[in-house]
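Report on the structure given below.
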Amino acid sequence: MKKLINKPDDVVTEELQGIEAAHPDLVRVFYDPHYIVRADAPVQGKVALVSGGGSGHEPMHGGFVGVGMLDAACPGQVFTSPTPDQMEAATKAVNGGAGVVHIVKNYTGDVMNFEMAADLCRAEGIDVESVLVDDDVAVQDSLYTAGRRGVGTTVLLEKIAGAAAEERRSLKEVADIAREVNANGRSMGMALTSCTVPAAGKPTFEIGDDEIEIGIGIHGEPGRERTKLKPAAEIVEIMATAVVDDVPFKQGDQVLAFVNGMGGTPLIELYVVYNEVAKFLKGRGVTIARNLIGSYITSLEMAGCSITLLKLSDELIRLWDAPVKTPGLRWGV
Amino acid sequence: MLAVTYDDVVRFIQAYADVIAEQKDHLTQLDSAIGDADHGINMNRGMKAVLAKLNGHASGDIGATLKTVGMTLVSTVGGAGGPLYGTLFLQLGAATSGKSELEPADWEAALAAAVDGVIARGKAELQDKTMADALVPGRDAYRAALEDGASFAEALRRSAAAAEEGMKATIPLVARKGRASYLGERSAGHQDPGATSSWLLLKTVADTWAGD
Ligand SMILES: Nc1ncnc2c1ncn2[C@@H]1O[C@H](COP(=O)(O)OP(=O)(O)OP(=O)(O)O)[C@@H](O)[C@H]1O
Ligand SMILES: [Mg+2]
């Protein structure tokens, strides 16, 4: 294992210390338990957004705390769900009296820990609405799985719901907009290489020099198929077809196209992928109204990418364009 | 043995922490085959924290101590194991609240509450390839043994034996809950890590309370 760290056990805490040192104007960091809140929290009368998940996906979620996006983020150990005490403390710290939305990616651990936290918060009189993100089309959503995983759409949802909360919409309205984003967003990922969890010290999975995994999850979960490396155009064709063929994309739709790097893939390759996505969607009669290209929901140093398409209404476009000021995403301010 | 004392309960908790520490790599290895290779690491982090928390705190109240174990696991384990084992111990604690001794029927009620809690939290059904596949047979065998007129010690041994069988029976199953379910058919042929740590729990209960 070759990593820029001091000790594997200290990675998460030291990363938080780094965020605190870098962005005191945007966020405040707490250590017992671990959570990050926006610098001016709690904002009175505003619905607060709390998200969380395992670490190793930076800038998600801590990098999205700030004006126009999240009020708080709870980082777990690397690739391990955070715990209810973190979520409860974060919820209390950002509650401005208008209720709190918990944004939960659909993984068994995240779901159960957030459920326990929501129970604790409600018992203390805080209104909590939970919104589940499950957009990964690589997983068959059926009675026989834990359901689709939450991946790329999470980033878009946190931005858009954050904008709605900033406008002082009600708890129910903010939660409904977040659910609308989830219902209209679909993603698929792929990996060129594996990643190494610091505490494990060895790669999460084996993959040959000439192989790729299509449908990979953000913790290295298996995808749909292991194949030989192909040109970007063919890879995008497979991924984009799977995304578009899943409800709800059709000719005439306008979408946000999000090409995300997994952590180890340079921007030059992400633009090659974006070019292929744009050509593909043109062929399908789908218009790209907005885009996002870069590494925003990563899997440590894994090389690869994911493609997320979000069907946009004029209202969602307006909320996407609204100002945002966080360590990881910033415009309009 | 007619009843279990407060000290017996503490000995069980300490023994379970030792067993988890010993089996940490084995549990993690099972999880690397069908999950994300962290079950042993997660459980060991939690039980270490439990030992630190209990050190020097002898309340004498079995329920209060078991609840402390549950709260500590909830806040230190993370993943799926944290809420599930946390709930298991919280329910054991709620069912034994205020008691300084457990009779066979007390353990029957506590075990039933704990298993119900795990199922309510995870919504697993039998044969989903989870902890429930060891816990449910363990609970049922204990109850059946008492109905048969078996001694406390004998009932605990039968409970552990049934949990072991349930754990082994997870090997051919296709997972329908948790991370392993993403593998579909590829999850068959591997023993479930959570069922294994649950068998270890009931085995540790039997080993400490019904020791030969
Ligand atoms: N819904 C469920 N109900 C009961 N047991 C479950 C459920 N889901 C998973 N499990 C058990 O949890 C075990 C895995 O626990 P572990 O501590 O490794 O959590 P995890 O799934 O890796 O969590 P995370 O993905 O957040 O890291 C499985 O072997 C299984 O027995
Ligand atoms: Mg695991």
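This structure is a prediction, so every number in the text was calculated from the model and none was measured. Letters A, B, ... mirror the listed sequences (proteins, then strands); counts begin at 1.
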Give, as side chain, backbone, both or neither, the part of [X] having an atom under 4.5 angstrom from any heavy atom of chain B.
X	result
A:Glu115	both
A:Gln86	neither
A:Asp136	neither
A:Asp85	side chain

For [X], is it the side chain, the backbone, both, or neither that has a heavy atom closer than 4.5 Å to a heavy atom of chain A?
X	value
B:Ala180	neither
B:Val174	neither
B:Asn42	side chain
B:Ile34	neither
B:Ser32	neither

Quick one about [Y] and [X] (side-chain donor to acceptor, distance below 3.5 Å, no hydrogens or angles considered), yes or no?
X	Y	answer
A:His102	A:Glu129	no
B:Thr28	B:Asp25	no
A:Asp135	A:Thr153	yes
A:His219	A:Thr204	no

* To do: Please test A:Lys3 against A:Glu301 for salt bridge (charged side-chain N to carboxylate O under 4.0 Å, His left out), starting from the C-alpha separation and ending with a verdict.
  => CA-CA 9 Å; A:Lys3 285 182 187 290; A:Glu301 76 278 38; 3.3 Å; yes
If you tally heavy-atom pairs under 4.5 Å against chain A, which of [options] wins?
options	result
B:Ala37, B:Gly81, B:Ser75, B:Gly86	B:Ser75
B:Thr87, B:Thr76, B:Leu84, B:Asp128	B:Leu84
B:Arg179, B:Met71, B:Lys177	B:Arg179

* Asked: Parallel, tilted or perpendicular for A:His57 and A:Phe79, by the 30°/60° rule?
  -> parallel
* Measure the shortest side-chain to side-chain distance between B:Val4 and B:Phe12 over non-hydrogen atoms and say whether it is less than 4.5 angstrom. => no
* **Cation-pi check, B:Arg158 onto B:Tyr142 ring (under 6.0 Å, within 45° of axis)** => no
